[in-house]
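Quantities reported herein were computed from a predicted structural model and do not represent experimental measurements. Note that ligands are numbered from 1 as they come in the structure, with each ligand's atoms numbered from 1 the same way.
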Amino acid sequence: MEKEQLIAEMKKLVGEDNVLHSDEALYAYSYDATPGHTYMPDVVVSPGNVQEVSAILKFANEHKVPVYPRGSGTNLSAGTAPLKGGIVLLMLRFNKILDLDLENLIAEVEVGVVVQDINDYVAPHGLIYPPDPGTVKTASLGGTICENSGGLRGLKYGITKNYVQGLEVVLANGDIIHTGGKNVKDVSGYDMTKLFTGSEGTLGVITKAYLKLVPKPEASASMVAVFNTLEDAGNAVSDIIAAKIIPATMEILDNASIRTVEDFMHVGLPVDAAAILLLEVDGHPVIVADEKEKVLEVLKRNNASEVTLAKSPEHKEQLWTARRMALPCLAKLRPTTFVEDATVPRSKLTDFLKIVTKAAKDYNVTIGTFGHAGDGNMHPTIVCDIRDEEEMKRVHQAMDVIFRGAVELGGTLSGEHGIGLGKLPWMELQHGKAGMEAMKAIKRALDPNLILNPGKLIGEC
Ligand SMILES: Cc1cc2nc3c(=O)[nH]c(=O)nc-3n(C[C@H](O)[C@H](O)[C@H](O)COP(=O)(O)OP(=O)(O)OC[C@H]3O[C@@H](n4cnc5c(N)ncnc54)[C@H](O)[C@@H]3O)c2cc1C
């Protein structure tokens, strides 16, 4: 379809004010937080209600126009990159918290709401919505549902899929469906809520969700432990879990990450340490006191050279800010940052960290590794310069070793950032031919004209 005609049709459906098509606007939506993937869309459309989404998809399906749903564009897998032109469907006008049901502990929320705003809204009621990606203050609910995002609290509280109980979804042909809802138990039919959660905009456009809320823990204790070897840090993680303690958070920073954060933030991190673990236990005050002692014991047993307890809420905030700043600080080192999120069973954490360290050495690339140690979810972060072809060749070789290594250890290509475009080359390695074909069959059944985020997650089909 001609671009001008597409723009005119979109204006008819959502009004002139909600359609962008200047060169500047199209460029602004041609990429997301992932380096190396810039593709110009034909038009950016912001629907304001589910009927408008339905009308847009019906039109796009009839005319086979690609549609790329988009929230805040912070994903790290090129999930919103408009690979084949067409429509960027911006969902940020869906910005209302529709209901807070305190009897069922359920919030009914539109997908354009920023995740932190959900927490701010429910906090006065003593409740939390646990999924907390590093982008909690910018990411939209819809984006986090479609990436099935995790975060710092994933170890104890789980990830987005554990809190999404129901969805309103517009299918590729414009049909509107509802999945799940307020029922805690619901085994009526296939679990469509789970299917759409993590579907990266390839199966339908989500417009609102029913979210499970949980009571805010009464107390917490945070600490930082310093290690002289990666092995000791990795073993401490496994031993804490083996001692049947599930901290709310158990994060690791390797030496490269520690040095970089300290260089930029000057918070007193130990720059000679091989690794630090940041931990938080939470719950009833009596249990917190008991778990804190047990964790200290395990850390000591695993040769932590120093353990510091957060002395005040400000000190605690400083520790967690240091962790959250790991990625932004590493990103300042070089022009291009690739943040990966390969994940392994936590018992294999040390083996995986060794693979990453060796890959960095073998291919002479700079990799800072930090991440959710308790989940086995690491973020090997490669800083480089995308304009340097020779360096990029080495970067891709290192990535290949890291992804293959994770899969060989029984891990996965992605713990939370999704597949998008970046990890497609390794999908068959993890899922096999038959596994890929099963996923493609689901895609073809729900989106036979392949208009929704084409080329992502399962590639061409
Ligand atoms: C500094 C930094 C730190 C990060 N830390 C974490 C972290 O700790 N944990 C983590 O899990 N992720 C993290 N991320 C990745 C990212 O923030 C998350 O993936 C986030 O969930 C994306 O939300 P978004 O609104 O930006 O989604 P977008 O990037 O806009 O979209 C993400 C995907 O969802 C699809 N989509 C968006 N809205 C809809 C909708 N309504 N219907 C259908 N499909 C839709 C898009 O097509 C795309 O495939 C981080 C990213 C950065 C840059």
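With distances taken over non-hydrogen atoms, the option nearest atom 1 (C) of ligand 1 out of L327, L141, T138 is L327. Selection from V67, L76, T144 by nearest heavy atom to atom 50 (C) of ligand 1 gives L76. Counting only non-hydrogen atoms, the option in G143, S77, A81 that gets closest to atom 27 (O) of ligand 1 is G143.
Using a 4.0 Å cut-off between heavy atoms, I159 makes no contact with ligand 1 at all. Residue contacts with ligand 1 for V111 involve side-chain atoms from C-beta outward but no N, CA, C or O (heavy atoms, distance under 4.0 Å). Contacts of E416 with ligand 1, taken as heavy-atom pairs under 4.0 Å, involve both backbone and side chain. Under 4.0 Å from ligand 1, not a single heavy atom of K456 appears.
Considering backbone and side-chain N/O of T135, one or more are found under 3.5 Å from N/O of ligand 1. The shortest N/O to N/O separation between G79 and ligand 1 falls below 3.5 Å. Ligand 1 has no N or O atom lying under 3.5 Å from any N or O atom of M91, backbone or side chain. Any N or O atom pair closer than 3.5 Å counts here, and P69 shares at least one such pair with ligand 1. In terms of polar-atom proximity, G134 is counted as a contact of ligand 1, with an N or O under 3.5 Å from an N or O of the ligand. Residue V205 has no N or O atom closer than 3.5 Å to an N or O atom of ligand 1. Taking only nitrogen or oxygen atoms, main chain and side chain alike, T74 reaches within less than 3.5 Å of ligand 1. For a threshold of 3.5 Å applied to N or O pairs, the pair formed by S149 and ligand 1 contains at least one separation below that value.
In this structure, V164 and K212 have side chains that are not in contact, with every pair of non-hydrogen atoms separated by 4.5 Å or more. Here the side chains of L141 and E110 are not in contact, with every heavy-atom distance at 4.5 Å or above.
Of the protein's heavy atoms, E147 CG, 3.4 Å lies nearest to atom 19 (O) of ligand 1. Remark: minimum distance from atom 11 (O) of ligand 1 to any protein heavy atom is reached at G150 N, 3.0 Å. Nearest protein neighbour of atom 42 (N) of ligand 1, counting heavy atoms only, is I206 N, 3.0 Å. Closest protein heavy atom to atom 31 (O) of ligand 1: T80 CG2, 3.5 Å. For atom 34 (O) of ligand 1, the nearest protein heavy atom (residue, atom name, distance) is C146 CB, 3.2 Å. What sits closest to atom 28 (P) of ligand 1 on the protein, heavy atoms only, is G73 N, 3.5 Å.
A cation-pi arrangement is present between K332 and F264, with the terminal nitrogen or guanidinium carbon under 6.0 Å from the aromatic centre and inside a 45° cone about the axis.
Screening N119, N104, L100, I106 for a side chain to side chain contact (heavy atoms under 4.5 Å, CB included) involving L213 leaves a single residue, L100.
The aromatic rings of Y163 and Y129 lie perpendicular to each other, with more than 60° between the two planes, well past the 30° mark.
The minimum heavy-atom distance between L253 and I258, with the atom names listed, is O-CD1, 3.7 Å.
With no hydrogens or angles considered, no side-chain donor-acceptor pair links S149 and T144 at under 3.5 Å.
Ion pair E408/K348 not flagged as a salt bridge, since none of the NZ, NE, NH1 or NH2 atoms sits closer than 4.0 Å to an Asp/Glu carboxylate oxygen. The existence of a salt bridge linking D101 and K182 is confirmed by a sub-4.0 Å separation between a basic side-chain nitrogen and an acidic carboxylate oxygen.
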